[in-house]
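Per chain, numbering begins at 1; letters A, B, ... match sequence-line order. Please read these numbers as outputs of a predicted model, since none were measured by experiment.
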There are 2 protein chains.
Amino acid sequence: MTQPLHLSLAGQAVDVLRELVLTGELPAGSRVNEVEIAHRLGISRGPLREAIRGLAAEGLLELVPHRGARVPMADQAEVKALFELRTALECAAAELAASRRTDVDIARLRAVSEESRRNYHAGVKFPYRLDLAFHQALLEAARSPRIAEQVRLVQQKVVLLRARLEDDAPHQFASMDDHDELINAVVAGDAQRAGQIMRKHLSRVCAQMITSLAD
Amino acid sequence: MTQPLHLSLAGQAVDVLRELVLTGELPAGSRVNEVEIAHRLGISRGPLREAIRGLAAEGLLELVPHRGARVPMADQAEVKALFELRTALECAAAELAASRRTDVDIARLRAVSEESRRNYHAGVKFPYRLDLAFHQALLEAARSPRIAEQVRLVQQKVVLLRARLEDDAPHQFASMDDHDELINAVVAGDAQRAGQIMRKHLSRVCAQMITSLAD
DNA sequence: CGTCTGTAAACTGTCGACAGTTGGCAGTCT
DNA sequence: AGACTGCCAACTGTCGACAGTTTACAGACG
C-alpha cells in the first residue's frame with residue numbers, strides 16, 4: 001500500500017504510536033505527553049506532533065485545545081454507532097465479494113476457515129488474528145479499495161475497545177459458523193444472502209461487545 | 001462534533017487548506033509548497049505541516065516522501081471505487097433514516113425538496129448546495145454519527161473531482177425525482193425501498209460524473 | 001543534436017528554544 | 001475548616017534555523 005517503509009520520522013512515529021494505542025500501552029482516556037513519547041521514540045516533538053495529527057484524523061486520538069491528545073474512551077452509544085458504520089461497510093463488501101469473487105478468493109477464504117477449525121478442535125482459542133484474516137480475505141474478494149480502507153480504520157477502533165471476546169467459546173463457535181455460511185453465499189454468488197449473513201454476524205459481535213463492556 | 005472553534009493555528013490551517021483544495025485554488029496534481037502556503041497564511045511551517053498531515057489522513061492530500069504533499073488526481077477507477085464507498089454508506093443511511101425518521105426529519109426533507117422545485121421552476125439551476133442539503137437532512141434522520149462523518153469525508157472527495165453537473169438539466173430533474181421518491185420511502189418507513197432508490201440515485205450520479213470526466 | 005553529468009537552487013525533514021496556557025499547590029483570609 | 005487567591009511547575013503551541021534530498025539547469029561529451 002504505502003512505500004517500502006516510511007523513511008520519515010513522522011511516518012515511523014505514526015506506526016509506533018498506533019501500536020502503542022492499539023496494544024493499550026497508552027490506556028483509553030490517558031493523555032499523550034509529547035515530550036515523554038518523543039523522548040521514548042528518540043525523536044523531537046515536531047514529527048511526533050505531525051503523527052498525532054494524523055492519528056487524530058483517523059479517530060485513534062482526540063485533540064483537546066491546550067491539553068494535547070487523548071486516547072478516546074468509548075461508551076455504549078459509541079460502540080453502537082461504530083458498528084452501524086462497520087455493518088454498512090462490511091455488508092456492502094460481502095455483497096460485492098459475492099458478485100466478484102474468483103477462485104483464488106474462494107481458496108483464500110476456505111484456507112482461513114479451515115485454519116480456524118483446526119485451531120479450535122486442537123483446543124486453541126479462536127484468535128482474533130484469524131477473525132481479522134477472514135474479514136481481510138473477504139475484502140480482497142470485494143475488490144473495492146476505498147471500502148477496504150475504511151473497514152481497516154473501523155476495525156482499528158474496534159480493537160481500541162479492547163473488549164476481548166476470545167475467551168467466549170459459544171461466541172467463537174457462532175462466529176466460525178457465520179464465516180462458513182458467508183463463504184457458501186459468496187461461492188454461490190448470492191450477494192443478497194451474503195449481506196444478510198454479514199449483518200447477522202456483526203449484530204452478534206456487537207451485542208457480545210456491549211455486554212462484555214458492561215463490567 | 002469538533003470544538004467550538006479551532007484556536008490553534010494548525011486547526012485554522014486545516015480549514016483554510018481544505019478550502020483551498022476544495023475550491024480548486026490548489027488544482028489537482030499540484031504540489032503544496034510549504035513555505036509559500038505558510039507565508040500566505042501568515043504562519044510558520046510547523047502548524048502547516050500538522051495541518052497537511054491531518055488532511056492527508058482525510059484523503060484530501062497525498063504525501064510523497066521528500067516531495068511533500070500533492071492534491072490527488074482521480075481517474076475513472078478511483079471515481080468508481082469512491083462511489084462504491086459512498087453507495088455503501090448512503091444506502092445504509094437511507095435505510096436507517098426510514099426506520100428512525102421523526103416528523104421533524106420529514107419536514108426538513110420536504111423543505112429542501114420544495115426549495116429545489118421552486119428554484120428549478122423559477123429557472124434557477126439545481127445548485128449543488130441543495131443536493132448537499134438533502135443528503136445532509138437524510139443523514140440527520142438516520143441518526144448515525146459515525147456514518148454521517150464518513151459520508152461527509154466522501155462528499156468532500158467528490159467535490160474534489162469538481163465534475164460540475166449543475167448545467168445538465170435532465171440530470172437535475174432526475175435527481176429531484178430521486179429525492180422525492182426517497183422521501184416517500186422514508187415517510188412510509190420502507191427501509192429496503194429507500195436503500196434501493198438511493199442505490200439507483202447514486203449509480204446515476206456516478207455514471208454522469210464519469211462521462212463528464214471524459215473530457 | 002541529443003544525452004549525460006555535475007553543480008546550485010529550492011524544498012522538505014528535523015531540531016532546539018521561546019512564549020502562552022493550564023492545572024495544581026501553598027498560603028491567606030473569612 | 002473551607003474557600004479564595006496568587007504563584008509555580010508542566011505542558012502545549014509556535015517559530016526560526018540547519019541538514020539532507022530532490023529538481024532544474026548549464027555545460028561537456030559522444
### Query
Nearest nucleotide by nearest heavy atom, which residue falls closer to the 5' end of DNA chain D, B/Gly42 or A/Arg67?
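Looking at the nearest nucleotide for each, A/Arg67 comes out on the 5' side.
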Partner set under salt bridge (charged side-chain N to carboxylate O under 4.0 Å, His left out) for [X], not counting sequence neighbours:
X	answer
B/Glu115	B/Arg129
B/Arg101	none
B/Arg143	B/Asp105
A/Arg49	A/Glu34, B/Glu50

For residues 82-95 of chain A, dump all side-chain donor-acceptor pairs below 3.5 Å to protein atoms at least two apart in sequence or in another chain.
unit_1, atom_1, unit_2, atom_2, d
A/Glu84, OE1, B/Arg100, NH1, 3.4
A/Glu84, OE1, B/Ser144, OG, 2.5
A/Glu84, OE2, B/Arg100, NH1, 3.2
A/Glu84, OE2, B/Arg100, NH2, 2.5
A/Arg86, NE, A/Glu90, OE2, 2.7
A/Arg86, NH2, A/Glu90, OE2, 3.3
A/Thr87, OG1, A/Phe83, O, 2.6
A/Glu90, OE1, A/His135, ND1, 2.8
A/Glu90, OE2, A/His135, ND1, 3.4

#### Entry: side-chain contact (heavy atoms from CB on, under 4.5 Å) against A/Asp103, all qualifying residues, sequence neighbours excluded
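Checked A/Asp103 against side-chain contact (heavy atoms from CB on, under 4.5 Å); zero matches.
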### Query
A/Ala185: what forms a side-chain contact (heavy atoms from CB on, under 4.5 Å) with it, not counting sequence neighbours?
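side-chain contact (heavy atoms from CB on, under 4.5 Å) list for A/Ala185, sorted by chain: A/Arg193, A/Ala194, A/Ile197.
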### DNA chain D contacts made by residues 44-54 of chain B, counting heavy atoms under 4.0 Å
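Of all residues in residues 44-54 of chain B, the ones placing a heavy atom under 4.0 Å from DNA chain D are B/Ser44, B/Arg45, B/Pro47.
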#### Entry: Qualifying salt bridge (Lys or Arg N to Asp or Glu O under 4.0 Å) pairs with a residue from residues 59-68 of chain A, counting only residues at least two apart or across chains
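Those involving residues 59-68 of chain A are A/Glu62-A/Arg70.
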#### Entry: Rounded distance (Å) that lies between atom P of D/dT21 and atom CG of A/Leu7
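So the two atoms are 10 Å apart, to the nearest Å.
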### Task
Using atom CZ of B/Arg31 as one end and atom P of D/dT21 as the other, report the distance to the nearest whole Å.
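Taking CZ of B/Arg31 and P of D/dT21, I get 16 Å after rounding.
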### Query
Between which nucleotides of DNA chain C, read 5' to 3', does contact with chain B run, using atoms under 4.0 Å from its heavy atoms?
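First and last nucleotides in contact are C/dC11 to C/dT14.
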Between the protein and nucleotides 6-8 of chain D, are there any N/O to N/O pairs under 3.5 Å, and if so, what are the atom names and distances?
none

### Query
Is the number of heavy atoms from other residues, nucleotides or ligands under 6.0 Å of A/Arg117 CZ greater than 12?
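Result for CZ/A/Arg117: enclosed.
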### Message
For A/Glu36, give me all partners under side chain to side chain donor-acceptor pair (under 3.5 Å), at least two apart in sequence or on another chain.
### Response
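A/Glu36 satisfies side chain to side chain donor-acceptor pair (under 3.5 Å) with no residue once adjacent residues are dropped.
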